[in-house]
Student: 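Before anything else, here's the structure in question.
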Amino acid sequence: MLNIMLLRTEGVEDFVYLSCANALKEVFDDIHVELSRESVKTPGYPYNARRGQYNAEGFVYYASSFSRPGFYVLLLAHVDAYVPGLNFVFGLAIPSLRAAAVFTHRLKINVNTERYLLRVQKEVIHELGHLLGLAHCVMPSCVMKFSNSVFEVDKKELVFCSKCASVLLERGYRLKLF
Ligand SMILES: [Zn+2]
Ligand SMILES: [Zn+2]
């Protein structure tokens with residue numbers, strides 16, 4: 001059983017939150033997704049005023065503070081985030097913390113609701129893939145492909161390629177969809 005604690009900050013709408021839970025259940029077999037009625041506060045300490053962005057790593061540490069034994073934590077955060085050396089990131093996973101964050105701000109710019117939802121779902125599945133031990137994949141359609149822009153997010157699919165799926169299977173994670 002894969003136990004996921006799905007959290008969100010203020011600014012992430014109910015339908016986005018719920019649709020990510022559904023996407024996780026559509027892709028992974030034998031998964032339990034725990035949702036919270038309350039959103040979590042956007043923490044102040046990862047904010048870098050000089051850049052006007054949040055430090056992604058700080059956010060993932062924050063996400064991990066909500067964890068319980070046996071759970072992976074995924075936090076949807078409606079902010080713009082970076083890691084040193086990159087202008088921005090759509091998400092970051094730290095497997096040793098069993099926690100990841102997906103940053104929705106840039107995924108939402110100039111896009112209709114349907115595409116926005118799909119982008120967030122893809123990034124959620126991508127970051128969980130990292131938490132379960134997957135690296136980036138070269139297959140353009142694979143959800144584990146690294147995305148440098150929203151166009152690249154749009155190009156990949158919501159599912160793992162057969163190679164990534166078989167790595168997950170070897171580790172005991174079954175998929176419904178790949
Ligand atoms: Zn990645
Ligand atoms: Zn792949």
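The structure presented is a predicted model; accordingly, all values stated were derived computationally and were not measured. Sequence positions, counted from 1, serve as the residue numbers for this chain.
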Student: Apply side-chain contact (heavy atoms from CB on, under 4.5 Å) to residues Glu13 and Tyr116 and explain how you reach the verdict.
Tutor: CA-CA 12 Å; Glu13 304 89 336; Tyr116 169 55; 4.0 Å; yes
Student: With the threshold set at 4.0 Å, does a side-chain nitrogen-carboxylate oxygen contact exist between Asp14 and Arg37?
Tutor: no
Student: So is Arg68 actually on top of Phe71's ring, under 6.0 Å and inside 45° of the axis?
Tutor: yes
Student: CG of Leu75 to OG of Ser65: how many Å apart, nearest 0.5 Å?
Tutor: 9.0 Å
Student: Could you tell me the separation between the CG atom of Leu74 and the CZ atom of Arg98, rounded to the nearest 0.5 Å?
Tutor: 11.5 Å
Student: Salt-bridge test for Glu123 and Lys156: reply yes if a basic N is under 4.0 Å from a carboxylate O, no otherwise.
Tutor: yes
Student: Grab the two heavy atoms, one from Phe146 and one from Glu152, that are nearest each other, plus how far apart they are.
Tutor: O-OE1, 3.7 Å
Student: State the SG-CE distance between Cys164 and Met144, to the nearest 0.5 angstrom.
Tutor: 6.5 Å
Student: Is there a side-chain contact between Val167 and Phe160 in this structure, where contact means two heavy atoms from C-beta onward sitting under 4.5 Å apart?
Tutor: no
Student: Are any non-hydrogen side-chain atoms of Thr9 and Leu76 less than 4.5 angstrom apart?
Tutor: no
Student: Going hydrophobic residue to hydrophobic residue with side-chain gaps under 4.5 angstrom, can you get from Val73 over to Tyr45?
Tutor: yes
Student: Does Phe66 belong to the same Ile/Leu/Val/Met/Phe/Trp/Tyr cluster as Tyr72, with side-chain heavy atoms less than 4.5 Å apart forming each link?
Tutor: no
Student: Please tell me if the side chains of Ile94 and Glu57 come closer than 4.5 Å, counting only heavy atoms from C-beta onward.
Tutor: yes
Student: Could you state whether Leu2 and Leu97 fall into the same hydrophobic cluster, counting links through intermediate Ile, Leu, Val, Met, Phe, Trp or Tyr residues with side-chain heavy atoms under 4.5 angstrom apart?
Tutor: no
Student: Using every non-hydrogen atom in the two residues, find where Leu6 and Ala21 come nearest and quote the distance to one decimal.
Tutor: CD2-N, 3.7 Å
Student: Would you check if the side chain of His126 reaches a backbone N or O of Val143 as a donor-acceptor pair within less than 3.5 Å?
Tutor: yes
Student: Just wondering, are more than 12 heavy atoms of other shown residues or ligands nearer than 6.0 Å to CZ in Phe151?
Tutor: no
Student: When you group the ILVMFWY residues by side-chain heavy-atom contacts below 4.5 Å and let the links chain together, are Leu175 and Ile4 in the same group?
Tutor: yes
Student: Measuring from Cys20:SG to Gln121:CD, what's the distance to the nearest 0.5 Å?
Tutor: 5.5 Å
Student: Output, in order, the C-alpha distance, side-chain angles, deciding distance and verdict of side-chain contact (heavy atoms from CB on, under 4.5 Å) for Phe59 and Leu92.
Tutor: CA-CA 9 Å; Phe59 240 100; Leu92 182 71; over 6 Å; no
Student: For the side chain of Lys122 and the backbone of Val153, is there at least one donor-acceptor N/O pair under 3.5 Å apart?
Tutor: yes
Student: For Glu127 and Ala93, indicate whether the former's side chain and the latter's backbone hold a donor-acceptor pair under 3.5 Å.
Tutor: yes
Student: Please lay out, stage by stage, how Thr104 and His78 fare under the test side chain to side chain donor-acceptor pair (under 3.5 Å).
Tutor: CA-CA 5 Å; Thr104 58; His78 191 60; 2.7 Å; yes
Student: Any donor and acceptor pair, going by atom type alone, linking the side chain of Ser19 with main-chain N or O of Val16 inside 3.5 Å?
Tutor: yes
Student: Evaluate the side-chain contact (heavy atoms from CB on, under 4.5 Å) criterion for residues Leu24 and Ile125: first the C-alpha distance (whole Å), next the side-chain angles of each, then the deciding distance (0.1 Å), finally the verdict.
Tutor: CA-CA 7 Å; Leu24 286 164; Ile125 302 291; 3.8 Å; yes
Student: First locate atom CG of Asp29, then atom CZ of Arg174, and finally report the distance between them rounded to the nearest 0.5 Å.
Tutor: 4.5 Å
Student: Tell me, please, whether Phe88 has Arg106 positioned over its six-membered ring: NZ or CZ under 6.0 Å from the ring centre and within 45 degrees of its axis?
Tutor: yes
Student: For residues Ala63 and Ala100, report the shortest heavy-atom separation together with the two atoms involved.
Tutor: CB-O, 4.2 Å
Student: Would you say the ring centers of Phe90 and Phe103 fall short of 6.0 Å from each other?
Tutor: no
Student: Flag the pair Tyr47 / Tyr54 as yes when their ring centroid distance falls below 6.0 Å, and as no otherwise.
Tutor: yes
Student: So, for Met1 and Ile31, which heavy atoms are closest and what is the spacing to 0.1 Å?
Tutor: SD-C, 3.9 Å
Student: Are more than 12 heavy atoms, taken from residues, nucleotides or ligands other than Asn112, located less than 6.0 Å from that residue's CG atom?
Tutor: yes
Student: Measure the shortest side-chain to side-chain distance between Ser141 and Cys161 over non-hydrogen atoms and say whether it is less than 4.5 angstrom.
Tutor: no
Student: In terms of hydrophobic clusters joined by side-chain contacts under 4.5 Å, are Leu107 and Val83 together?
Tutor: no
Student: Under the side-chain contact (heavy atoms from CB on, under 4.5 Å) rule, what do Arg119 and Val150 come out as? Steps first, then yes or no, please.
Tutor: CA-CA 8 Å; Arg119 286 176 177 175; Val150 286; 3.6 Å; yes
Student: Determine the minimum heavy-atom distance between Pro46 and Gly58, stating which atoms define it.
Tutor: CG-C, 4.0 Å
Student: Can you give me the closest heavy-atom contact between Asn3 and Gly70, atom names plus distance?
Tutor: CB-O, 3.3 Å
Student: If only atom types and distance count, is the side chain of Arg171 paired as donor or acceptor with the main-chain N or O of Gly133 below 3.5 Å?
Tutor: yes
Student: Could you check if a side-chain atom of Val138 sits within less than 4.5 angstrom of a side-chain atom of Lys145, using non-hydrogen atoms only?
Tutor: no
Student: Rounded to the nearest 0.5 Å, what separation is found between the CZ atom of Arg8 and the CG atom of Leu18?
Tutor: 7.0 Å
Student: Check whether any side-chain heavy atom of Asn55 lies under 4.5 Å from a side-chain heavy atom of Tyr82, and answer yes or no.
Tutor: yes
Student: Count the heavy atoms of every other residue, nucleotide or ligand shown that sit under 6.0 Å from CG of Asn48, and state whether that count exceeds 12.
Tutor: yes
